[in-house]
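The structure appears right after this line, and notes come after that.
Below, all heavy atoms of this structure are taken into account, side chains as well, without hydrogens, waters or symmetry copies. On a predicted model such as this, the values are computed, not experimentally measured, just so you know.
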Amino acid sequence: MPSQKIETGHQDVVHDVAMDYYGKRVATASSDHSIKITGVSNTSSQQLATLTGHQGPVWQVAWAHPKFGSLLASCSYDGQVIIWKEGNPNEWTQAHVFNDHKSSVNSVAWAPHELGLCLACGSSDGNISVFTARPDGGWDTSRIDQAHPVGVTSVSWAPSTAPGALVGSGLLDPVQKLCSGGCDNTVKVWKLYNGTWKMDCFPALQMHTDWVRDVAWAPNLGLPKSTIASASQDGKVIIWTVAKEGDQWEGKVLNDFKTPVWRVSWSLTGNILAVADGNNSVTLWKEAVDGEWQQVVIDYYSTCGTMMLQK
């Protein structure tokens with residue numbers, strides 16, 4: 001499939017792009033304070049809606065699983081997290097606005113749908129908040145206070161299937177874990193114990209020498225290990241793995257890009273990692289049989305804008 005240029009209609013830098021579950025629409029977040037919904041096909045794109053309500057640059061957007069309806073979450077420099085709901089086609093309203101954070105909210109991520117409608121948010125105030133929808137339409141809030149005291153840049157949920165579950169025996173409860181990256185140069189793993197979030201890696205994962213810009217927990221499809229990718233201002237992407245619960249995470253440098261790395265994203269099967277860096281390039285990486293990471297050769301060069309968190 002050839003690359004396709006999408007005209008979003010934004011008036012300023014685009015910080016994030018998220019495709020919906022069916023691959024039919026993309027949501028884009030911009031410094032122009034708006035979110036645009038664009039319909040895409042193999043040959044064309046069409047602007048469908050503009051969502052306004054934030055009072056500052058919008059850093060990130062995330063689609064909820066369609067089992068919960070047509071919902072989109074956004075976060076902004078204004079400290080707000082907004083849940084947008086589509087009623088009639090292309091008619092969006094603000095279903096809920098969270099004002100729990102006191103400074104820029106830099107990352108939003110929906111939990112695996114098996115855990116219910118649940119949203120994690122990371123903020124420059126150092127805290128992570130987790131909002132869970134109740135049957136009555138309200139929301140419960142849990143927090144990880146001072147997760148990264150100098151600022152949280154990114155959050156990502158673990159798969160709901162425990163490592164090795166597909167090759168083990170018996171049914172297991174869904175896993176409730178997430179990872180975070182911060183301005184303290186570390187990656188941390190958190191687990192929900194009896195309603196309270198606690199750190200699940202000791203010590204924090206420390207191999208980066210500058211801000212961690214993004215973290216992405218890989219789908220595991222029941223394989224017997226957990227994998228997290230982290231991208232940093234220091235130019236490196238690190239792959240963290242752990243074999244089983246309670247073991248130490250081990251880090252391996254995927255590559256030194258010699259320029260800040262903004263984003264990392266896994267394929268649905270968790271075997272290919274996309275990396276967006278400060279040279280305006282996107283590269284794909286795959287783990288070889290010997291455990292080394294190799295770049296996948298592709299026949300196009302991406303000039304997508306750098307997704308910079310200007311806090």
Do Thr153 and Asp214 pass the side chain to side chain contact (heavy atoms under 4.5 Å, CB included) test, and can you show the C-alpha distance, the side-chain angles, and the key distance before you say yes or no? CA-CA 7 Å; Thr153 58; Asp214 197 25; over 6 Å; no
Under 3.5 Å, is there a donor-acceptor pair linking the side chains of Ser230 and His208? yes
Pairs meeting criterion salt bridge (Lys or Arg N to Asp or Glu O under 4.0 Å) with involvement of residues 75-97, two or more places apart: Arg25-Glu86
How about Lys252: does its NZ atom have over 12 heavy atoms from other parts shown lying under 6.0 Å from it? yes
Contact between Cys118 and Val130 at the side-chain level, heavy atoms closer than 4.5 Å - yes or no? yes
For side-chain hydrogen bond (donor to acceptor under 3.5 Å, both in side chains), just list the numbers for Trp59 and Ser104, CA-CA rounded to whole Å, side-chain angles, deciding distance to a tenth of an Å, and then say yes or no. CA-CA 9 Å; Trp59 300 131; Ser104 176; 2.8 Å; yes
Check whether any side-chain N or O of Trp249 sits under 3.5 Å from a backbone N or O of Leu205 as a donor-acceptor pair, and report yes or no. no
Do any N or O atoms from the side chain of Gln11 and from the backbone of Gly9 form a donor-acceptor pair under 3.5 angstrom? yes
Would you indicate whether Glu250, at its atom CD, is surrounded by more than 12 heavy atoms from other residues, nucleotides or ligands within a distance under 6.0 Å? no
Output yes when a side-chain donor or acceptor of Ser107 lies under 3.5 Å from a complementary backbone atom of Val155, and no otherwise. yes
Are any of the side-chain nitrogens in Lys5 or Glu7 under 4.0 Å away from the carboxylate oxygens of its partner? yes
With a 4.0 Å cut-off, would you call Lys236 and Asp234 a salt bridge? no
side-chain hydrogen bond (donor to acceptor under 3.5 Å, both in side chains): which pairs involve residues 177-191, sequence neighbours left out? His148-Ser180, His148-Asp184, His148-Thr186, Lys177-Asp200, Lys177-Glu245, Ser180-Trp190, Asp184-Thr186, Lys191-Glu245
